[in-house]
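First listed ligand is number 1; within each ligand, the first listed atom is number 1.
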Amino acid sequence: MPSILRRLRRTEAMRSLMRETHVRPLDLVYPIFVGEGLTQPEVIPSMPGQFRQPVSSLGILAKTLQAAGVGSVLLFGVPLTKDDNATAATHKDGVVQNAIRAIKDATPGMVVMTDVCICAYTTHGHCGVLRGQEIDNDATLPLLSAMALSHAVSGADVVAPSSMMDEQVGAIRCALGHDGLSEIAIMGYSAKFASGFYGPFRDAAGSAPSFGDRASYQHDPANVRHARREIVQDVEEGADILMVKPGLAYLDIVRLARETSDLPLAAYSVSGEYSMIKAAAEKGWLDEKRIVLETLTSFKRAGANLVITYHALEAARWLNDC
Ligand code: PBG
């Protein structure tokens, strides 16, 4: 009986009824680059439609997101000053600290997540402090903890360490606990691969490493078992949310993370994924709306609860129109 499956997809009404996976605006997290000292949004050439935002624009942006049904943002700081030890990352009036307060003032119900990594704050552009040409894992942990604490004190709901230092989740969990901030959640970048898809982000954040690459701390794209060990370890260290990044080329890892743990899971559709779709759409080669909704569905189908995407606002509007 070869046609039995087609009975269930004959009309749109039937297809809607049978649909297994749904994407809601609330599932989307919008990453925002916040530029210190800006008075106007600044174009990011390699990410059409995305801007480095001044703190003064964030209130309106947050209200716009909320009106479209997007309930969370992930903040990345682009500071004016950099040094070897990322001093600006922990300033009380640092760019991310100010951004958190601006968003919470405008939209108290917005869930504010912050990236915790020093690469945009260091002159060398690496995600850990250096000992010679090597990354000093353990010397980086107190810096990440101090940065996470500073974000939490400023009102962040979720801190998201992305530097890929071993024990970063445990160190931050411990520091938050000591300071009476144990209710702040940690989203572990559990499976963050050393990926070419981060290229446009590094333009946007000014965070490209000045020498070498990130292969000694981010995952080898060829490895599944190693990624699983990191996922398990993040769970043991006290992560509240897991994340897999990039998204599209790593859907098998999203599925693996889903099957490895019952924690909420985020897939990060990174800058290169966004820019590929934008570039092809600009040329008229792809139908942007269709491709974006299809890829968002694939992240959820693979097992993600949340999708971090630069398309969040546009996609939320498309979903609301559907
Ligand atoms: C910082 C960080 C990066 C991204 C998120 N956090 C860049 C990197 O690791 O080089 C990439 C996100 C994107 O490409 O959208 N460590």
Would you call [X] a ligand 1 contact, heavy-atom distance under 4.0 Å?
X	result
Gln218	yes
Cys127	yes
Ser207	no

Legend entry - Pi-cation contact, Tyr198 with Lys192 (under 6.0 Å, within 45°):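 Yes, cation above the ring, under 6.0 Å and within 45°.
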
Inset, instruction - State, without any angle test, whether Glu294 and Ser298 hold a side-chain donor-acceptor pair at a distance under 3.5 Å. - result: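 On atom types as modelled, these side chains do not qualify, holding no pair under 3.5 Å.
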
Inset, instruction - Answer whether the closest heavy-atom distance between the side chains of Glu237 and Glu167 falls below 4.5 Å. - result: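 Answer yes - side chains close enough.
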
Is [Y] paired with [X] through a side-chain N to carboxylate O contact shorter than 4.0 Å?
X	Y	value
Lys278	Glu314	yes
Asp203	Arg52	no
Asp252	Arg255	no
Asp321	Lys289	no

Legend entry - Verdict with reasoning, Phe33 to Phe51, per ring-ring contact (aromatic ring centres under 6.0 Å, His included): CA-CA 7 Å; Phe33 299 100; Phe51 300 85; over 10 Å; no

Among all protein heavy atoms, pick out the one at the shortest distance from [atom]; state its residue, atom name and that distance to 0.1 Å.
atom	value
atom 8 (C) of ligand 1	Arg214 NE, 3.5 Å
atom 5 (C) of ligand 1	Lys245 NZ, 2.5 Å
atom 9 (O) of ligand 1	Lys192 NZ, 2.8 Å
atom 3 (C) of ligand 1	Phe201 CE2, 3.4 Å
atom 10 (O) of ligand 1	Arg202 NE, 2.6 Å
atom 15 (O) of ligand 1	Tyr310 OH, 2.6 Å

Legend entry - Part of Tyr274 with heavy atoms under 4.0 Å of ligand 1, whether side chain, backbone, both or neither: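 Neither; nothing of Tyr274 gets under 4.0 Å from ligand 1.
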
Inset, instruction - Could you see which bit of Ser271 sits under 4.0 Å from ligand 1, with heavy atoms only: side chain, backbone, both or neither? - result: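 The part of Ser271 near ligand 1 is both the backbone and the side chain.
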
Should you measure from each heavy atom of [X], which atoms of ligand 1 turn up under 4.0 Å away?
X	result
Asp115	6 (N)
Cys119	1 (C), 16 (N)
Tyr268	12 (C), 15 (O)

Legend entry - Ring centres under 6.0 angstrom apart (Phe201, Phe76):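 Yes: the rings meet the under 6.0 Å criterion.
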
